[in-house]
Amino acid sequence: MEEKKYRIFVINPGSTSTKLSLFENEKCVFEENVFHDSTVLRSLGDINNQLDYRMEVIEQFLKDNKIDLTGLDAVVGRGGACWPMESGCYELDEKMIKDTHDHVAGLYHASMLGVQMAERVHDKYGARMFTVDPTVVDEYQDLARITGVKGVYRKPASHVLNTKEAGRRYAASVGKKYEDMRLIICHIDGGITISAHDHGRMIDGNNGGGGEGPFTPTRMGSMPVTTLTTDMKDVTNDQLRVLCSAGGGFSSWFNTSDSDKIHAMIDNGDKMAERVWKAMVYQICKWIGAMSCVLKGQVDGIVLTGGLMRFDDIAEQIKDACGWIAPIAVYPGEFEQEAMAYNALRVLRGELEPKHYTGHPVFEGFKD
């Protein structure tokens, strides 16, 4: 009996790009990654204002490549900004889409557009809507939640979709399961997140979407609060939000987030570009060190993934600083499209029961 062919369209808006893929079962039959310079995105103001612009990219993608989505079985949008939830594959509903639009959890990142874009495709083609491992998946251990202000807790916001898939692939490469290992996994691209994974759970990491952690091509990264209240006291909340999402990092230093352009400047002898680039990697190494302490030094591997791992000097600098902690494996690019498509495919085949959004955060404070 011939296997049923399911067609799955995957939409993945990142801080500097929108990746679009069409799968027929496990096979990716078409993929396009469209880069958006941060200066263009900033001109649109609020991230939600990018929805129409990015949908135009999709429509042009379909038209240029003569792709007809009539009869599409599923559309999967990268998720983020709704209330924190358990890891898994979720069937989208109006509540989750609205909460994502309203970024109720405080995360302000392009991933909040994914489910909204999926709804647009659903409205036109009638496909089932899903999201998988949104950026707000919450598996933090209790001590990772506490801050120095009573009643204010740390919230996760990371590249959980790609880091978990990279973790699974690394585990398989050494003959183990992701759920049986302790790993530090780094997603290094327009956004950067470094997280500690303990036997299948991401128990701590930097809130990259909220501005915590290393600065990146598009984000300002962690800074002392006193710096914000003195050296940056004239910066408005809206301006600060842009610095945390699209206008910080390389964008601030060089007025572009295009890492290829920055690296070309380094190759041409620009000392400031080299200094800023190495400082970014230096900060990544500090966070890797912090996550090694979270895992109490029992680290089975350090996994480096994301678009910027196409630059060999990043891995070299990290290996020089962190190679003593654990073996280091490099997976350039990311596996988000495959992870989203495969989870949706398992649901369509009846192999996986989709989860449903509760409308409440996983963690709502300590009861004692």
Side-chain angles (χ1 to χ4, degrees), residues 11-19 33-54 57 77-82 84 99-117 134-137 154-162 187-195 205-223 225 227-228 232 234-259 262 276 280 283-284 287 306-308 334 336:
I11 305 172
N12 187 348
S15 57
T16 58
S17 65
T18 301
K19 180 173 283 190
N33 193 24
V34 180
F35 176 79
H36 310 295
D37 195 287
S38 59
T39 54
V40 176
L41 297 181
R42 288 204 306 272
S43 71
L44 297 171
D46 189 282
I47 287 176
N48 283 315
N49 294 340
Q50 298 176 18
L51 180 58
D52 289 339
Y53 167 69
R54 297 210 188 203
V57 173
R78 185 183 179 202
C82 59
D99 281 355
T100 301
H101 173 277
D102 296 342
H103 44 95
V104 293
L107 175 66
Y108 185 72
H109 178 259
S111 60
M112 60 198 274
L113 294 170
V115 298
Q116 299 179 66
M117 298 166 85
T135 52
V136 291
V137 164
R154 292 184 68 240
K155 301 173 183 176
S158 71
H159 300 88
V160 60
L161 180 65
N162 186 45
H187 178 103
I188 304 172
D189 204 357
I192 296 173
T193 51
I194 298 100
S195 48
N206 66 303
N207 184 318
E212 183 184 35
F215 72 83
T216 82
T218 61
R219 301 172 190 170
M220 62 183 277
S222 294
M223 295 178 69
V225 174
T227 298
L228 301 181
M232 300 174 64
D234 294 329
V235 175
T236 67
N237 285 342
D238 285 343
Q239 291 170 331
L240 186 60
R241 189 167 62 176
V242 170
L243 286 169
C244 288
S245 62
F250 291 170
S251 295
S252 175
W253 277 95
F254 307 109
N255 202 35
T256 180
S257 61
D258 190 334
S259 298
I262 306 303
V276 173
M280 178 184 72
Q283 292 188 9
I284 293 171
W287 272 88
L308 288 191
E334 43 80 14
E336 293 176 340

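Reckoned from all heavy atoms, side chains included, excluding hydrogens, waters and symmetry mates. For reference, positions follow the sequence shown, starting with 1. Treat the numbers as computed from the prediction; the structure is a model and nothing was measured.
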Non-hydrogen side-chain atoms of P214 and I194 separated by less than 4.5 Å: yes
Please assess D258 against F250 for the test side-chain contact (heavy atoms from CB on, under 4.5 Å), listing each intermediate value before the final yes or no. CA-CA 8 Å; D258 190 334; F250 291 170; over 6 Å; no
What is the distance from atom CZ of F215 to atom OG of S251, rounded to the nearest 0.5 Å? 11.5 Å
Straight-line distance of R54 CZ to N49 CG, nearest 0.5 Å: 12.0 Å
Please check if the side chain of Q50 supplies one atom and the backbone of L44 the other of a donor-acceptor pair under 3.5 Å. no
For A110 and P13, the nearest pair of non-hydrogen atoms, with its separation, is O-CG, 3.5 Å
Verify, without hydrogens or angle tests, whether S257 (side chain) and T218 (backbone) share a donor-acceptor contact under 3.5 angstrom. no
Side chains of M232 and L243 in contact at under 4.5 Å (non-hydrogen atoms): yes
Which pair of heavy atoms, one from W253 and one from V276, lies closest together, and at what distance? CD2-CG2, 3.7 Å
Do the ring planes of H159 and H187 sit parallel (below 30°), tilted (30 to 60°) or perpendicular (above 60°)? parallel
Measuring from N206:CG to I284:CD1, what's the distance to the nearest 0.5 Å? 9.5 Å
Run the side-chain contact (heavy atoms from CB on, under 4.5 Å) test on L308 and M280 for me, step by step, so that the C-alpha distance in whole Å, both residues' side-chain angles and the decisive distance to 0.1 Å come before the verdict. CA-CA 12 Å; L308 288 191; M280 178 184 72; 3.9 Å; yes
Correct closest heavy-atom pair for G80 and P134 would be N-CB, 4.0 Å
Distance in Å, N12 CG paired with E336 CD, rounded so as to fall on 0.5 Å steps: 4.5 Å
Set out, in order, the CA-CA distance, both residues' side-chain angles and the distance that settles side-chain contact (heavy atoms from CB on, under 4.5 Å) for M112 and V136, then state yes or no. CA-CA 10 Å; M112 60 198 274; V136 291; over 6 Å; no
Single hit among I192, T193, D189, I188 for side-chain contact (heavy atoms from CB on, under 4.5 Å) with T216: I192
Which pair of non-hydrogen atoms, one from L228 and one from M220, has the smallest distance, and what is that distance? CD2-CE, 3.9 Å
What distance do D102 atom CG and C82 atom SG have between them, rounded to the nearest 0.5 Å? 11.0 Å
Minimal non-hydrogen separation, P84 against A105, with atom names: CD-CB, 3.9 Å
Under 4.5 Å between any side-chain heavy atoms of H103 and I47, yes or no? no
Got a second to check how far I262's CD1 is from T256's OG1, nearest 0.5 Å? 6.0 Å
Verify whether one side chain among Q116 and N48 offers a donor that lies under 3.5 Å from an acceptor in the other. yes
Taking the side chain as every heavy atom from C-beta outward, state whether P156 and V137 have any pair of such atoms under 4.5 Å apart. no
Derivation and outcome, side-chain contact (heavy atoms from CB on, under 4.5 Å), residues R78 and H109: CA-CA 11 Å; R78 185 183 179 202; H109 178 259; 3.6 Å; yes
Which pair of heavy atoms, one from A81 and one from T100, lies closest together, and at what distance? CB-O, 3.6 Å
Between the main-chain N or O of Y108 and the side-chain N or O of S245, is there a donor-acceptor pair closer than 3.5 Å? no
Between S222 and G213, is there a donor-acceptor pair closer than 3.5 Å when you use the side chain of the first and the backbone of the second? yes
Given E212, which partner from the list R154, K155, R219 fulfils the salt bridge (Lys or Arg N to Asp or Glu O under 4.0 Å) test? R154
